[in-house]
Amino acid sequence: MKAVIVGGGYIGMEMCESFRKRGLEVAVIEKMDRVLGTMDKSITDVVDEKVKAEGVKLFKETSVEGFEGSKGMVTGVRTDKGVFDADLVLLAIGARPNTKLAQEAGIELGANGAIKVDDYLRTNMPDVYAGGDCAEAKHLVTGKKVYIPLGTTANKQGRIAGENAAGKNNIFEGVVGTAITKVFDLEVARTGLSPLEAQREGYEFFVSTVKGRSRSSAYPSGKRITVSYFVERGTGRLLGAQMVGEEGVAHRIDTLAACLYSKMTVEDVARLDLGYAPPFATVWDPILVAANVAVKKLIS
Ligand SMILES: Cc1cc2nc3c(=O)[nH]c(=O)nc-3n(C[C@H](O)[C@H](O)[C@H](O)COP(=O)(O)OP(=O)(O)OC[C@H]3O[C@@H](n4cnc5c(N)ncnc54)[C@H](O)[C@@H]3O)c2cc1C
């Protein structure tokens, strides 16, 4: 049975594993030049290698134009590069805020058509609050409003909107764009701005990539971790970080999310007192190695 996944984002890539485990042939069609479009090539190259090794066929820079079918069943996906046979199609092409009802009620919209909210999650309408996938949030790296629909944000915004609706005066400070996903046995993670986003925002920055290990080499079964930092030229401020590897990635990104929240430079990151024991890390954790390499690049 042939499955065609349209869209190589988080959901499309997560579904590759499910479909392969059920014995399906899997093709992913992605219009961008990479899967997981907000990730740097240093990260997506590792993902490409993994999914290909798992038997998934990737078709990048390919756009879907329509579907073919017979007797009410799909038989193919039509693209600008030809027709792909399909018994099953999964469309995973992103999310848009469903704000028609709000708009019709006179509620102002903001980033990407999501409901515009202030720090207290108030809309322009008295006593109407918004949070979650329908609402925008402030990005703490740029200070601008963004639309990043995630469960973690929805939960925090929901709590604060509820508290404020009940009479409190709490602020939702914002997000730093942290997200994690699992592609087969790879952990893929990001926080802060991606290179594309940093470019769009007009930052002068450089990319610094290192390869480290999840555990001390003296300890069995450590795995390789690729770490990329996006660093503002001149100031050394960490704008974003991304990682990929078979273990130890998902929890490490949280340290960097905290660094972004505190607006740290890579020099600050290099000074962090992180835990070390052979089963868990290397004595110079990949986070620190990446920071030291970035500091060298910054001053050279
Ligand atoms: C496949 C998938 C995987 C995901 N994985 C992750 C993940 O790993 N990590 C993460 O952080 N986020 C993840 N997300 C995103 C996360 O699920 C959402 O950000 C989160 O659920 C948003 O919460 P919400 O309450 O705003 O909206 P929802 O959870 O969508 O809830 C909205 C509810 O409102 C109801 N509703 C809508 N319109 C009306 C109406 N007019 N009247 C009454 N009820 C209405 C809907 O039926 C729904 O029950 C994932 C999303 C998907 C689709």
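We count ligands from 1, going down the list as the structure has it; atoms in each ligand are counted the same way.
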*Kindly state if atom 52 (C) of ligand 1 has a protein heavy atom within a strict 4.0 Å cut-off, that is, under 4.0 Å?*
yes
*How far is atom 30 (O) of ligand 1 from its nearest protein heavy atom, and which residue and atom is that?*
D133 OD2, 4.7 Å
*Return a yes/no value: protein heavy atom under 4.0 Å from atom 6 (C) of ligand 1?*
no
_Test item: side-chain donor near acceptor, T38 and R190, under 3.5 Å_ = yes
*asked:* Which residue and atom name correspond to the protein heavy atom nearest atom 23 (O) of ligand 1, and how close is it?
replied: A154 CB, 3.4 Å
*Heavy-atom nearest neighbour in the protein, as seen from atom 41 (N) of ligand 1, with distance rounded to 0.1 Å*: L101 CD2, 4.1 Å
_S228-S42 side chain donor-acceptor pair, cut-off 3.5 Å_ = yes
*Taking atom types as modelled and ignoring hydrogens, do the side chains of K31 and S63 form a donor-acceptor contact shorter than 3.5 angstrom?*
no
*Is any side-chain N of the basic residue among K144 and E201 closer than 4.0 Å to the acidic one's carboxylate O?*
yes
*Apply side-chain hydrogen bond (donor to acceptor under 3.5 Å, both in side chains) to the pair E163 and N170, showing each step before the final yes or no.*
CA-CA 7 Å; E163 286 169 350; N170 292 330; 2.7 Å; yes
*For atom 28 (P) of ligand 1, state whether the nearest protein heavy atom is under 4.0 Å away.*
no
*For atom 12 (N) of ligand 1, find the nearest protein heavy atom and state the residue, atom name and distance (0.1 Å precision).*
G151 N, 3.0 Å
*Would a 4.0 Å cut-off, counted as strictly less than, catch a protein heavy atom around atom 19 (O) of ligand 1?*
yes
*asked:* Could you check whether atom 45 (C) of ligand 1 has a protein contact, counting only heavy atoms that fall below 4.0 angstrom?
replied: no
